[in-house]
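Whatever order the structure lists them in is the order used to number ligands and atoms, beginning at 1.
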Amino acid sequence: MNSIKDNETGKYELRICHMYPDLLNLYGDRGNVLSLIRRAELRGIKVRLVPVSIGDEFDQDDFDIVFLGGGQDAEQNMIRKDFVEVKGPKVQKSIEDGMVFLCICGGYQMLGKYYQEHDGTKIECLGAIDVYTVGEDVRYIQDTIYEADFLKEDGVSDSTRLYGFENHSGRTYLGPSVKPMAKVIEGAGNNGKDGYEGAIYKNVYCTYSHGSFLPKNPRMTDHLLKLALKRRYGEDFELPFLSTEGEDFARAALLQYKEKGNTAP
Ligand code: GLN
């Protein structure tokens with residue numbers, strides 16, 4: 001199958017779980033969900049978006065992609081019990097089974113072993129991926145550029161650049177079972193020291209980049225859509241071509257604006 005034919009429109013469906021949209025939604029993190037929906041629907045794929053918050057049931061069979069946004073330490077503390085103790089075993093199982101996850105900043109930190117606040121308080125996290133985070137006084141707040149080799153495998157473009165915006169005081173350190181998502185070209189990334197950004201474990205993608213991440217990086221959006229739909233419909237499923245012209249144009253305009261010494265709007 002090379003594309004979704006007219007008579008197949010509506011045959012394919014993508015089910016997105018937006019976890020804690022009411023509590024983990026810093027810097028427009030919902031923009032990432034909107035990008036997934038938009039690039040799926042433009043291809044004739046039906047999308048079902050389900051918010052799942054504290055007290056709601058999470059059943060891994062109901063979803064193809066789970067999205068977790070960022071939150072401040074206070075919100076991370078609010079969701080901790082529900083996320084780690086109630087939903088934790090099911091979330092962990094779905095990760096081991098290859099479910100696609102995109103986790104941003106606070107959500108990324110919550111998937112790891114622990115998050116130590118800058119006053120020394122330790123928040124035990126899920127431990128689904130082998131990372132831990134230590135908060136420091138100085139925050140990293142800036143636009144970022146990364147180089148992500150895994151995008152080469154998609155073969156849609158020579159460009160392996162990813163563009164983002166980070167705002168975090170946590171420094172994240174990766175254990176041996178987790179790969180960094182990308183190399184830092186501009187910005188701090190995971191910890192401002194080792195030159196890497198984010199984490200990949202199975203089909204879990206974690207990054208410090210907030211809500212403009214997928215809107216600025218349609219190839220990353222398509223990478224996640226492809227993984228999720230192949231997992232659901234089989235390896236033969238091919239994501240139909242969809243131009244990235246609009247997103248590329250917007251990103252180029254923004255970069256030009258910044259080169260003139262402006263801060264990104
Ligand atoms: N509490 C975290 C930090 O500052 C997460 C903040 C965020 O999600 N932007 O490191």
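Counting only heavy atoms of the protein, atom 1 (N) of ligand 1 lies nearest to D73 OD1, 2.4 Å. Ranking the protein heavy atoms by distance from atom 7 (C) of ligand 1 puts C105 SG, 2.8 Å first. Atom 5 (C) of ligand 1 has its closest protein heavy atom at G71 O, 3.2 Å. Ranking the protein heavy atoms by distance from atom 10 (O) of ligand 1 puts G170 N, 2.8 Å first.
Close N/O approach between N167 and ligand 1 is found [any backbone or side-chain N/O within under 3.5 Å]. Residue Y208 has no nitrogen or oxygen atom sitting less than 3.5 Å from a nitrogen or oxygen atom of ligand 1, judged on distance alone. The distance criterion of under 3.5 Å between nitrogen or oxygen atoms is met by G106 with respect to ligand 1. Between S169 and ligand 1, at least one N/O pair is under 3.5 Å apart.
Between D64 and R231 there is no salt bridge, since no side-chain N of the basic residue sits under 4.0 Å from a carboxylate O of the acidic one. The pair E197-K183 does not meet the salt-bridge criterion, since no charged nitrogen lies less than 4.0 angstrom from a carboxylate oxygen. Salt bridge R39/D222: present, at least one basic N to carboxylate O contact under 4.0 Å. Salt bridge status for E238 with K230: absent, with no side-chain N to carboxylate O gap under 4.0 Å. A salt bridge is absent between E247 and R219; no separation between the charged side-chain nitrogens and carboxylate oxygens falls under 4.0 Å. Under 4.0 Å is where a charged nitrogen must lie from a carboxylate oxygen, and between R232 and E13 at least one such pair does.
Near Q76, meaning under 4.0 Å from any of its heavy atoms, are these atoms of ligand 1: 1 (N), 2 (C), 5 (C). The atoms of ligand 1 that sit less than 4.0 Å from any heavy atom of Y115 are 1 (N), 2 (C), 3 (C), 10 (O). Annotation for ligand 1: atoms under 4.0 Å from non-hydrogen atoms of G70 are 8 (O). Interface of L26 with ligand 1, defined as ligand atoms under 4.0 Å from a residue heavy atom, comprises 7 (C), 8 (O), 9 (N).
The cationic atom of R171 (NZ for Lys, CZ for Arg) lies less than 6.0 Å from the six-membered ring centre of Y140 and within 45° of the ring axis.
H210 counts as a contact of ligand 1, since one of its heavy atoms falls under 4.0 Å from the ligand. Judged by the shortest distance from any of its heavy atoms, R139 lies inside the 4.0 Å radius around the atoms of ligand 1. Note on ligand 1: G135 sits outside its first shell, no heavy atom being nearer than 4.0 Å.
Taking the six-membered ring for Trp and the full ring otherwise, F237 and Y12 have centroids separated by under 6.0 Å. For an aromatic pair to be called close, the ring centres must be under 6.0 Å apart, and Y205 with F150 satisfies this.
At most 12 heavy atoms of other shown residues, nucleotides or ligands fall within 6.0 angstrom of atom OH in Y196.
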